Participant: 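Have a look at the structure that comes next, please.
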Amino acid sequence: MKSSARYFAPGKLFIAGEYAVLKPEGKAILVPVKKGIRVQAAFRKRFRIRNAQRPHENQSFSSPSEIINPRVRLAVEVSRLYLEAQGYIWQPFSLIIQSNISSQDMKYGLGSSGAVIVATIGAILSLFGIEFDALTLFKLAVKANHDVMVDSSFADLAISSFKVPLLYSRFNEKVDMMLNTHHIPTLIQQDWEGLVIQPIPIPTKDFVVIFSGVSSDSIPLISQVKPHLSEAWVQASNTLIDAWLVDPSRSLTLFSMHLRALAKHANVAIFTPEIEQLLTWAKANSWDGKFSGAGGGDCVIIRIPKARQKEALATILPPYQVLKAIISV
């Protein structure tokens, strides 16, 4: 065991498939970003947490159930169960949580909730000297988050765990049942039917990420849109993704148009005025783009030739914010 350990989990951007991937047969393309969450763990005489961005969550605790932050609480509890199953003795430690994945009180929509789970588990396992791979970390993070986010694709946890661009598909309903009934060591050892986590090369040098100035809450959007995800719409999304993987120069606007058809069918305002304005600006300059994530705010990805980016981005005014050098590949 070490006296202290650190773990960094990056945030994510969806290139495509953010709604399709809610279905087990749906595909998504994601990339990690340079912004994320770093957790430092160290053995102490008592359990303590210090959250640099949320000081109201600073606390001492004797049981994981007392932890204020629900995602940190779940991550600590899953770590405890996994360690004890491996024969390790649970000992007091401190956690210091640092984040650059949000702006003051606003979230960019880059997967901070998933990143804090992954970073917390990674730091605790590293502190106790447990070797783990990215797939084990992902499975533990899913177990921590599954009961409270059963409708999630868990794609953000995959990116935070693997830290490379991915083609991702969610596991199927059989695994959902396993997560409710199987012990953690069994979950780690078994294959998860339907799960696809495939590292892929993604050319991103022309991608610019712009925060819309509005933070979105994806949970209500997902609950409204998910009932309208037809098999035909998901398969059409997969076809667009397959074509884009063969030729990444294909327009991102094709993905945006497909999402627009879903928004119209579901009658859900995932295209906000701010997103519309950014996409209109891109189209007027013959660039292509789309929002990343569930919509309703957060970030828009626009592909601007590298040579034109400095001039183009100088015209961006509040509430929009250019997230410079955010993509980590």
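This one's a predicted model, so the numbers in the text were calculated from it and none came from an experiment.
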Participant: Going by heavy atoms in the side chains, are I121 and L137 under 4.5 Å from each other?
Facilitator: yes
Participant: Report yes if the side chains of N285 and R308 come closer than 4.5 Å at any heavy-atom pair, otherwise no.
Facilitator: yes
Participant: Could you walk me through whether V21 and F14 pass the side-chain contact (heavy atoms from CB on, under 4.5 Å) test, one step at a time?
Facilitator: CA-CA 11 Å; V21 78; F14 273 96; 4.3 Å; yes
Participant: Just checking H228 against W233, ring centres under 6.0 Å apart?
Facilitator: no
Participant: Main chain of G36, side chain of N100: is a donor-acceptor contact present, judged purely on distance under 3.5 Å?
Facilitator: yes
Participant: For the hydrophobic clusters of this structure (ILVMFWY residues joined by side-chain heavy atoms under 4.5 Å, transitively), does one cluster hold both I184 and F138?
Facilitator: yes
Participant: Looking at S237 and G17, what are the two nearest heavy atoms and their distance?
Facilitator: OG-CA, 4.2 Å
Participant: Honestly, is K324 close enough over F211, meaning NZ or CZ under 6.0 Å from the six-membered ring centre and within 45° of the axis?
Facilitator: no
Participant: Check for a donor-acceptor pair, side chain of T136 on one end and backbone N or O of F132 on the other, with a separation under 3.5 Å.
Facilitator: no
Participant: Does CG belonging to D191 count more than 12 external heavy atoms closer than 6.0 Å?
Facilitator: no
Participant: Which heavy atom of A42 sits nearest to which heavy atom of S4, and what is that distance?
Facilitator: CB-CB, 3.9 Å
Participant: Verify whether one side chain among S218 and S216 offers a donor that lies under 3.5 Å from an acceptor in the other.
Facilitator: no
Participant: When hydrophobic residues are tied together by side-chain contacts of less than 4.5 Å, even through go-betweens, does L245 share a cluster with I197?
Facilitator: yes
Participant: Test side-chain contact (heavy atoms from CB on, under 4.5 Å) on V175 and L195; report intermediate values, then the result.
Facilitator: CA-CA 9 Å; V175 181; L195 178 65; over 6 Å; no
Participant: When you compare the side chains of R6 and Q40, does any donor N or O come within less than 3.5 Å of an acceptor on the partner?
Facilitator: yes
Participant: List the atom of S292, the atom of I301, and the distance in Å for their closest heavy-atom pair.
Facilitator: CB-CD1, 4.1 Å
Participant: Do you reckon I210 sits in the same ILVMFWY cluster as V33, going by side-chain contacts under 4.5 Å, direct or chained?
Facilitator: no
Participant: Would you please say whether a donor-acceptor pair under 3.5 Å links the side chains of Q321 and Y108?
Facilitator: yes
Participant: Under a 3.5 Å distance rule, please check whether D217 uses its side chain to pair with a backbone N or O of I219 as donor and acceptor.
Facilitator: yes
Participant: Taking everything shown except R50 itself, do over 12 heavy atoms lie less than 6.0 Å from its CZ?
Facilitator: no
Participant: How about N267: does its CG atom have over 12 heavy atoms from other parts shown lying under 6.0 Å from it?
Facilitator: no
Participant: I'd like to know if R73 pairs up with E77 as an ion pair, taking the criterion as any Lys NZ or Arg NE/NH1/NH2 lying under 4.0 Å from an Asp or Glu carboxylate oxygen.
Facilitator: no
Participant: Would you mind checking if K283 and E276 are paired as a salt bridge, meaning a charged N to carboxylate O distance below 4.0 Å?
Facilitator: no
Participant: Decide yes or no on ring-ring contact (aromatic ring centres under 6.0 Å, His included) for F61 and F47, but give the supporting numbers first.
Facilitator: CA-CA 5 Å; F61 64 96; F47 290 105; 5.0 Å; yes
Participant: Does F154 have R170 sitting over its ring (NZ/CZ under 6.0 Å from centre, angle to axis within 45°)?
Facilitator: no
Participant: Apply side-chain contact (heavy atoms from CB on, under 4.5 Å) to residues K143 and L187 and explain how you reach the verdict.
Facilitator: CA-CA 9 Å; K143 175 60 179 175; L187 288 172; 3.9 Å; yes
Participant: Evaluate T239 against D242 for side chain to side chain donor-acceptor pair (under 3.5 Å), listing each step before the verdict.
Facilitator: CA-CA 5 Å; T239 299; D242 291 341; 5.5 Å; no
Participant: What class does the angle between the rings of F128 and W90 fall in, given that below 30° is parallel, 30 to 60° is tilted and above 60° is perpendicular?
Facilitator: parallel
Participant: Is a salt bridge present between R303 and D288, judged by a nitrogen-to-oxygen distance below 4.0 Å?
Facilitator: yes
Participant: Return yes when atom NZ of K226 has more than 12 non-hydrogen atoms of other residues, nucleotides or ligands closer than 6.0 Å, and no otherwise.
Facilitator: yes
Participant: Go through it in stages, so that I can follow the logic: the residues are I188 and Y82, the test is side-chain contact (heavy atoms from CB on, under 4.5 Å), and I'd like the CA-CA distance, side-chain angles, deciding distance and then a yes or no.
Facilitator: CA-CA 10 Å; I188 299 302; Y82 185 61; 4.1 Å; yes
Participant: Using the rule that two of Ile, Leu, Val, Met, Phe, Trp, Tyr join whenever any of their side-chain heavy atoms come within less than 4.5 Å, decide whether V322 and I101 are in one cluster.
Facilitator: no
Participant: Can you check whether W281 reaches I302 side chain to side chain, under 4.5 Å on heavy atoms?
Facilitator: yes
Participant: Hey, are the side chains of I327 and L13 touching, using non-hydrogen atoms and a 4.5 Å cut-off?
Facilitator: yes
Participant: I'd like to know whether NE2 of H183 has more than 12 heavy-atom contacts from other residues, nucleotides or ligands below 6.0 angstrom.
Facilitator: no
Participant: Do L83 and L127 sit in the same hydrophobic cluster, where Ile, Leu, Val, Met, Phe, Trp and Tyr count as joined when their side-chain heavy atoms come under 4.5 Å apart?
Facilitator: yes
